[in-house]
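Just so you know, ligand 1 is whichever comes first in the structure, and atom 1 is the first atom listed for that ligand.
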Amino acid sequence: MSEAQQESFSLTAQSPFELRLDLSRNVPESLVKKALVSGDIGFLHSFTTGSAVDGPGVRVVAWTAGCQWKCRYCHNPDTWNMINGMPVKLERAVEELRKYRHGLKIMSGGFTLSGGEPLMQDRFAVKLFTAAKAMGIHTALETNGYLGARLTDEDLKQLDLVLLGIKTWGPQRHRDLTGKDIGPTFDFALRLAHLKKPVWIRFVLVPGLTDDVEIVESIANFVAELGNVERVEVLPFHQMGQFKWKKLGLDYTLNETQPPAAEQVERACEIFRGVGLKAY
Ligand code: SF4
């Protein structure tokens, strides 16, 4: 991959909902493997700036490509495949953050790495967080937690906050919804609790799929016991990613599902509040 090829991709997207495909198709597999080990190159969907919903304050968000889960409600299935991301040298990503460092501090914001699943590229993630911290930028990782064991306790020191997605409750339900086991996510949640690392829990409320009271209560009880969870965000399901499933020829099972009403979201929040958590 030449410098010119790398620089030809625009790092910033209008929104994470932009469909981006095949940006790394010319990158040899050997280079991808080397990059994953060294962390010197990341595969990114894009950067977006000015986010007010991906951690405290105003955030710059880098969206990574690659996720081993297949959530039925995923709104960014183009980020499942790492090859769809653009190859970005670590220095270029760091420079992008440097541009915003003063503004981020003034707006009590920071940098969030999201995806896809950022820990598919754990070495790149840690190097980028380390550089951000060195610039005095608040750091947050949004993750499904499945690969949390890839991070050492030392790596976790580069993180100010973890936004941990909990998708549903129950091993079978979790496999049906995501294609993967729930265990590693819970292990990671318990480890973060042990380390007293600040965590925000993110839970997507999908009518007919995750809105069962038993599911919400079970998650609430688990989360309340952790002791390090600063807030729970109940995110209403939406259809903004539906077009991506169609374009990618994927089998989308939620065509008929409506977003939850505001009262349904509020009822779920009340369940979390009922066990002493802050929920929004
Ligand atoms: S973990 Fe996130 S990126 Fe991965 S499939 Fe689920 S919703 Fe999509």
(message) Any carboxylate oxygen within less than 4.0 angstrom of a Lys/Arg side-chain nitrogen, looking at K34 and D40?
(response) no
(request) Could you tell me which residues satisfy ring pair (Phe, Tyr, Trp, His ring centres under 6.0 Å) with F129, sequence neighbours excluded, listed by chain and number? (result) F111
(message) Just by distance, no angles: are the side chains of K244 and N76 close enough, under 3.5 Å, to form a donor-acceptor pair?
(response) yes
(request) Quick one: closest heavy-atom pair of T139 and D160, and the distance? (result) N-OD2, 2.9 Å
(request) Could you pull out every protein residue that has a heavy atom closer than 4.0 Å to ligand 1, ordered by chain and then number? (result) C67, W69, K70, C71, C74, W80, G116, N144, K167
(request) Output every pair passing ring pair (Phe, Tyr, Trp, His ring centres under 6.0 Å) with a member in residues 160-195, not counting sequence neighbours, ordered by first then second residue. (result) W69-H174, W169-F186, W169-F222, F186-F222
(request) For E230, check side chain to side chain donor-acceptor pair (under 3.5 Å) against everything at least two apart and list the hits. (result) W200
